[in-house]
Amino acid sequence: MAHLRIPRPWELPERLATPESVFLDRRQALAALGLGAAALALPQLACSGGAKAPTGADAKGLLDPAIGSFDAGLFRAARRNPAYGVGDRPLTPENVAAAYNNFYEWTTDKPEVWRLAHGYPAAPWKLEIAGLVEKPATLDLDQILKVAPLEERLYRHRCVERWAMQVLWVGYPLRRLIERARPLSSARFVRFVSIDDPARMPGQKESSWLSWPYYEALRMDEAMNDLAFAVVGSYGHALPMQHGAPLRIAAPWKYGYKSPKSIVRIELVAEQPGTFWNYTQPNEYGLVSNVNPDKPHPRWSQAYEQDIGTGERRRTLLYNGYAAQVAGMYDGQEV
Ligand SMILES: Nc1nc2c(c(=O)[nH]1)N[C@H]1C(S)=C(S)[C@@H](COP(=O)(O)O)O[C@H]1N2
Ligand SMILES: [Mo]
């Protein structure tokens, strides 16, 4: 290993530098740079209908909660919050959502993530809440799950790579977790740090030049918006590891990378923090990264997306369909 020079992020081969390029092969990425029909063409997913879900013996362990049977009753008791719907879009089957994941700590190969992640123990867990707060704390799993009553929400999810789904998350408003620590008025951003475990996470070891651990951030007003959800479960049970157990964020009006998984630290800060992808790809979207059909990625249009469940190609919605909840936060600002 000693003879290997660690490349700087800007030297990365394109294939490794972005999650997007895993989805789009080079020819498609070049086509997306062009005009007209080619720019609108979406790459095919694993099969003609959508992403392929493993079945039978091949799916063994696919949906296993990474915290085992710990507090299973808590998840079953979670009630659907009727304020959140996805219009006429169908719910993505849970075995599709759980078998097509972005979680680079494991691998960049989406259908393989769950197999590698399965068996990783998300219990016990420690979550630190620190920075500009009156009451810094370290929460164990039981405390993480009981910050507020669990509720279920049907959310859209839109990846910057243009795949999309409708998923049932279980959790509580992120605001409740932040309020628990009593933020100081000087706190302007919330920074999240994901787990760092290169000994057991093959993607962290293989992609050692990436700036692990994964880190993300929201503005304070975004984090306090009711739509920002602290997710601990999916489809009526605790999260399987591939979805980011035991705690991940869902900020569904933003591209998927703004929803960090397997969080170990939340920090309230005054200055705008950097993020994993802004550091790696500084020429792509900035901190806000709201879903916007009219703001193309440097290498492709965002006008259309593809549903991983049905394979349907459809128009991208501004704020991913959540304008009523979030547009007010961006009055007079660039979306
Ligand atoms: N720690 C961590 N969080 C992450 C990622 C990641 O690679 N590592 N990928 C992000 C991206 S690009 C997307 S689209 C979503 C995917 O969430 P899902 O696999 O649960 O659908 O997770 C986000 N959170
Ligand atoms: Mo993504």
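Atoms considered below: every heavy atom in the structure, side chains included; atoms not considered: hydrogens, waters and symmetry mates. In each ligand, atom 1 is the first atom listed, and ligand 1 is the first ligand listed.
Relative to the ring axis of Tyr304, Arg162 does not place its NZ or CZ within 45° and under 6.0 Å from the centre. Phe229 carries Arg153 over the face of its six-membered ring, with the cationic atom under 6.0 Å from the centre and within 45° of the normal.
Of all the atoms in ligand 1, the ones that sit under 4.0 Å from a non-hydrogen atom of Pro260 are 3 (N), 24 (N). Taking every non-hydrogen atom of His243 and a distance limit under 4.0 Å, the qualifying atoms of ligand 1 come out as 18 (P), 20 (O). Within ligand 1, the atoms closer than 4.0 Å to a non-hydrogen atom of Tyr104 are 6 (C), 7 (O), numbered from 1 in the order shown. For ligand 1, the atoms sitting less than 4.0 Å from at least one non-hydrogen atom of Asn101 are 18 (P), 19 (O), 20 (O), numbered in the order shown with element in parentheses. Proximity to Cys159 (heavy-atom distance under 4.0 Å) selects the following atoms of ligand 1: 14 (S).
By the 3.5 Å distance cut-off applied to N or O atoms, Tyr257 is not counted among the residues near ligand 1. Here's the thing with Glu105: one of its N/O atoms is less than 3.5 angstrom from an N/O atom of ligand 1.
Salt bridge annotation for Glu105-Lys261: absent, with no cationic side-chain nitrogen under 4.0 angstrom from a carboxylate oxygen.
Of the options Thr92, Asn102, Leu210, Val193, the smallest heavy-atom separation from atom 11 (C) of ligand 1 is shown by Asn102. For atom 18 (P) of ligand 1, the nearest non-hydrogen atom from the set His157, Lys261, Gln242 comes from Lys261.
The closest approach between Ser262 and ligand 1 stays at or above 4.0 Å for every heavy atom of the residue. Residue contacts with ligand 1 include Met165, since one or more of its heavy atoms lies under 4.0 Å from the ligand. At a 4.0 Å cut-off, at least one heavy atom of Arg248 sits close enough to ligand 1 to count as contact. Taking a 4.0 Å cut-off on heavy atoms, Trp277 fails to register as neighbouring ligand 1.
Aromatic ring centres of Trp169 and Tyr84 lie farther apart than the 6.0 Å criterion allows. Trp106 has its ring centre less than 6.0 Å from the ring centre of Tyr120. Aromatic rings of Tyr104 and Tyr214 (six-membered ring for Trp) have centroids beyond the 6.0 Å cut-off, not under it.
If you look at Trp163 next to ligand 1, the close heavy atoms, those under 4.0 Å, all belong to the side chain. Residue contacts with ligand 1 for Phe103 involve both N, CA, C or O and side-chain atoms from C-beta outward (heavy atoms, distance under 4.0 Å). Residue Ser194 touches ligand 1 through its side chain alone, judged by heavy-atom distances below 4.0 Å.
Side-chain atoms of His243 and Ser234, non-hydrogen and from C-beta on, do get closer than 4.5 Å to each other.
The main-chain N or O of Ile263 is found under 3.5 Å from a side-chain atom of Trp125 such that the two form a donor-acceptor pair.
Below 30°, between 30° and 60°, or above 60°: for His297 and Trp300 the angle between ring planes is below 30°, a parallel geometry. Between His118 and Trp114, the angle of the ring planes goes over 60°, which puts this pair in the perpendicular group of the 30/60° scheme.
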